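Have a look at the structure below, then the notes.
These numbers come from the heavy atoms of this one structure, side chains and all, not from hydrogens, waters or symmetry mates. For ligands, and for the atoms within them, numbers begin at 1 and follow the listed sequence. As the structure is a prediction and not an experimental result, all values here were calculated from the model.
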Amino acid sequence: MASACFLMSLLLLGGPSWTVPLGRRDSTNSSATMANSDLPPPQFNLNQLIDSFGNKTLNPTDLVALSGAHTIGQARCTSFRDHLGEANINTTFAASLRTSCPAAQSTSTDNNLAPLDVTTPNTFDNAYYSNLLSQRGLLHSDQELFNNGSTDSIVQNFASNPSAFTSAFTTAMIKMGNLSPLTGTAGQIRRNCWRVNS
Ligand code: HEM
Ligand SMILES: *[C@@H]1O[C@H](CO)[C@@H](O)[C@H](O)[C@H]1NC(C)=O
Ligand SMILES: *[C@@H]1O[C@H](CO)[C@@H](O)[C@H](O)[C@H]1NC(C)=O
Ligand SMILES: *[C@@H]1O[C@H](CO)[C@@H](O)[C@H](O)[C@H]1NC(C)=O
Ligand SMILES: *[C@@H]1O[C@H](CO)[C@@H](O)[C@H](O)[C@H]1NC(C)=O
């Protein structure tokens with residue numbers, strides 16, 4: 001399953017480890033339409049994020065903890081361009097991103113990448129949360145988690161307490177891995193987590 005692969009990636013990056021429930025069945029195909037109908041877009045506000053995670057039995061602590069996966073990886077300019085012009089972004093941070101992601105929509109800049117965690121882009125740590133405290137969330141949806149709302153205190157806790165983050169993250173990852181797994185003969189147990197069995 002995806003979370004076993006994700007776990008292996010985290011181990012390489014110095015992230016937390018946890019016991020993965022084994023024998024999860026993966027689909028043999030994927031659907032971009034289905035994926036996009038269930039994945040929240042980066043334009044969502046806090047209430048919409050809480051609602052969409054709630055629809056999957058994930059609570060606001062799970063939402064904030066799982067968003068901490070944005071301690072690694074990158075996003076395309078199209079995913080954060082509009083956020084650069086919003087009021088709740090660090091002006092120094094926004095100005096530096098504007099050099100590769102200018103305000104005007106253009107196919108020549110749409111796919112330019114920026115790290116989701118500006119301070120430690122290749123390390124699995126809790127810097128994602130301290131970035132939010134200095135208004136350096138890359139996505140609109142990231143900064144929504146610390147924008148004078150009900151999840152501010154969770155962000156503050158994870159920013160100052162790495163083990164609280166690690167513990168909440170692993171709890172939420174296991175919860176996510178238990179969401180309607182395939183059963184019976186549906187799908188397959190992969191021999192290699194990142195590809196369909198040959
Ligand atoms: C809270 C709701 C979330 C939203 C709105 C969101 C949105 C996004 C967006 C827009 C990107 C960049 C995609 C692009 O520009 O092509 C991204 C990247 C990423 N997201 Fe999320 N995400 C969310 C939650 C999560 C969760 C729960 C995880 C995993 C536990 C996760 C892991 C990642 C990773 C690892 C990347 C980087 C991918 C790469 O570099 O190839 N995200 N996310
Ligand atoms: C959550 O589920 C409700 C009921 O199915 C649906 O109306 C709503 O659009 C969903 N919210 C999100 C953000 O997916
Ligand atoms: C903006 O980010 C810088 C670090 O690049 C930080 O020193 C400053 O405090 C941040 N400003 C605000 C308002 O958080
Ligand atoms: C929260 O509200 C205060 C006062 O309205 C404002 O100065 C501050 O910038 C806001 N912080 C965030 C993260 O939006
Ligand atoms: C895709 O995989 C799912 C789960 O194994 C299965 O139910 C579905 O029939 C498959 N669809 C196609 C088009 O193969």
Side-chain angles (χ1 to χ4, degrees), residues 1-10 12-13 15-16 18 20 32 34-84 86-97 100-101 109-124 127-149 151 154-156 159 165-166 168-177 179 194:
M1 67 188 282
S3 77
C5 259
F6 193 75
L7 173 55
M8 280 196 275
S9 313
L10 292 191
L12 295 172
L13 294 159
W18 63 94
V20 182
M34 219 195 271
N36 283 328
S37 74
D38 266 25
L39 280 177
Q43 293 80 16
F44 265 14
N45 65 30
L46 182 59
N47 285 337
Q48 293 169 311
L49 291 168
I50 290 176
D51 193 38
S52 60
F53 275 63
N55 280 355
K56 300 285 181 194
T57 74
L58 298 166
N59 63 38
T61 302
D62 297 326
L63 161 67
V64 176
L66 289 171
S67 296
H70 290 175
T71 176
I72 53 169
Q74 300 192 306
R76 287 167 301 140
C77 173
T78 49
S79 302
F80 60 83
R81 175 179 277 131
D82 292 347
H83 177 53
L84 303 185
E86 292 181 313
N88 63 348
I89 189 168
N90 187 304
T91 50
T92 316
F93 177 60
S96 117
L97 288 163
S100 62
C101 185
T109 55
D110 281 355
N111 294 327
N112 287 348
L113 298 172
L116 287 154
D117 170 359
V118 64
T119 47
T120 53
N122 301 314
T123 310
F124 192 98
Y128 169 81
Y129 301 102
S130 35
N131 294 339
L132 298 183
L133 300 184
S134 55
Q135 297 197 308
R136 291 183 294 166
L138 183 63
L139 306 176
H140 170 83
S141 51
D142 291 324
Q143 199 58 57
E144 279 291 300
L145 305 178
F146 186 76
N147 192 38
N148 284 336
T151 51
I154 307 173
V155 170
Q156 276 159 331
F165 163 53
T166 299
F169 183 80
T170 57
T171 299
M173 281 300 288
I174 292 168
K175 234 169 130 175
M176 194 162 62
L179 295 177
W194 57 77

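Regarding atom 29 (C) of ligand 1, its nearest protein heavy-atom neighbour is A69 CB, 3.4 Å. Protein heavy atom closest to atom 10 (C) of ligand 3, with residue, atom name and distance, is N90 ND2, 2.4 Å. Of the protein's heavy atoms, P42 CG, 3.6 Å lies nearest to atom 10 (C) of ligand 1. Looking from atom 5 (C) of ligand 1 to the surrounding protein, the closest heavy atom is P40 O, 3.3 Å. Closest protein heavy atom to atom 12 (C) of ligand 1: A75 CB, 3.5 Å. In this structure, the protein non-hydrogen atom closest to atom 9 (C) of ligand 1 is L139 CD1, 3.7 Å. Distance from atom 16 (O) of ligand 1 to its nearest protein heavy atom, with residue and atom name: R76 NE, 2.7 Å. For atom 26 (C) of ligand 1, the closest heavy atom belonging to the protein is L66 O, 3.8 Å. When only non-hydrogen protein atoms are considered, atom 1 (C) of ligand 1 lies nearest to S67 OG, 3.4 Å.
Counting the atoms of ligand 1 from 1 in the order shown, those under 4.0 Å from a heavy atom of S141 are 5 (C). Applying the 4.0 Å criterion to heavy atoms of P41 picks out, from ligand 1, the atoms 5 (C). Near F53, meaning under 4.0 Å from one of its heavy atoms, ligand 1 places the atoms 1 (C), 2 (C). Each of the following atoms of ligand 1 lies closer than 4.0 Å to a heavy atom of G73: 37 (C), 40 (O). Residue-ligand proximity, R136 to ligand 3, at heavy-atom distances under 4.0 Å covers atoms 2 (O), 4 (C), 5 (O).
Of all the heavy atoms in P16 and F169, the pair that sits closest is CG-CD2, 4.2 Å. The shortest non-hydrogen separation linking Q43 to Q48 is O-OE1, 4.3 Å. Taking every heavy atom of both residues into account, D38 and K56 meet most closely at OD2-NZ, 2.6 Å.
Atom 8 (C) of ligand 2 is approached by the protein to below 4.0 angstrom, counting heavy atoms only. For atom 41 (O) of ligand 1, the protein comes within 4.0 Å by no heavy atom at all. Atom 5 (O) of ligand 2 is never approached by the protein to below 4.0 angstrom, counting heavy atoms only. Under the 4.0 Å distance rule, the nearest protein heavy atom to atom 2 (O) of ligand 2 falls inside the cut-off.
Contact annotation: F80 has no heavy atom less than 4.0 Å from any atom of ligand 1. Under a 4.0 Å heavy-atom criterion, L116 is in contact with ligand 1. Using a 4.0 Å cutoff on heavy atoms, S52 does not count as a contact of ligand 1. Ligand 1 lies out of reach of D142, whose nearest heavy atom is not under 4.0 Å from it.
Of the inter-residue distances, the one linking L46 atom CG with L63 atom CG reads 7.0 Å to the nearest 0.5 angstrom. Separation of atoms OG (S79) and CG (D142) is listed at 10.5 Å; rounding is to 0.5 Å.
Of the N or O atoms in D51, one or more lie within a sub-3.5 Å distance of an N or O in ligand 2. Any N or O atom pair closer than 3.5 Å counts here, and N55 shares at least one such pair with ligand 2. Backbone and side-chain nitrogen or oxygen atoms of S79 are examined, and one is located within less than 3.5 angstrom of a nitrogen or oxygen of ligand 1. At least one N or O atom of Q74 sits closer than 3.5 Å to an N or O atom of ligand 1.
Remark: side-chain polar atoms of S141 are not paired, donor with acceptor, to backbone N or O of F44 under 3.5 angstrom. Listed for the N131 side chain is no donor-acceptor partner under 3.5 Å among the backbone atoms of D117. Remark: side-chain polar atoms of Y128 are not paired, donor with acceptor, to backbone N or O of T120 under 3.5 angstrom. For H83 (side chain) and G137 (main-chain N/O), a donor-acceptor pair under 3.5 Å exists by modelled atom type. Judged by distance alone, with hydrogens and angles left aside, the side-chain atoms of T71 form a donor-acceptor pair with the main-chain N or O of T123 at under 3.5 Å. Of the possible polar contacts, none joining the Q74 side chain to the L116 backbone as a donor-acceptor pair under 3.5 Å is found.
By the criterion of a heavy-atom distance under 4.0 Å, the side chain of L63, and not its backbone, is placed next to ligand 1.
The closest side-chain heavy-atom distance from F93 to S134 is not below 4.5 Å. Proximity of I50 to P60: side-chain heavy atoms (C-beta onward) are separated by under 4.5 Å at one or more points.
A donor-acceptor pair shorter than 3.5 Å can be found between the side chains of E86 and H140. Between the side chains of T119 and R136, no donor-acceptor pair is found at a separation under 3.5 Å.
Between F124 and F165, the distance from one ring center to the other falls under 6.0 angstrom.
Of all N, O or S atoms in H70, the one lying closest to atom 21 (Fe) of ligand 1 is NE2.
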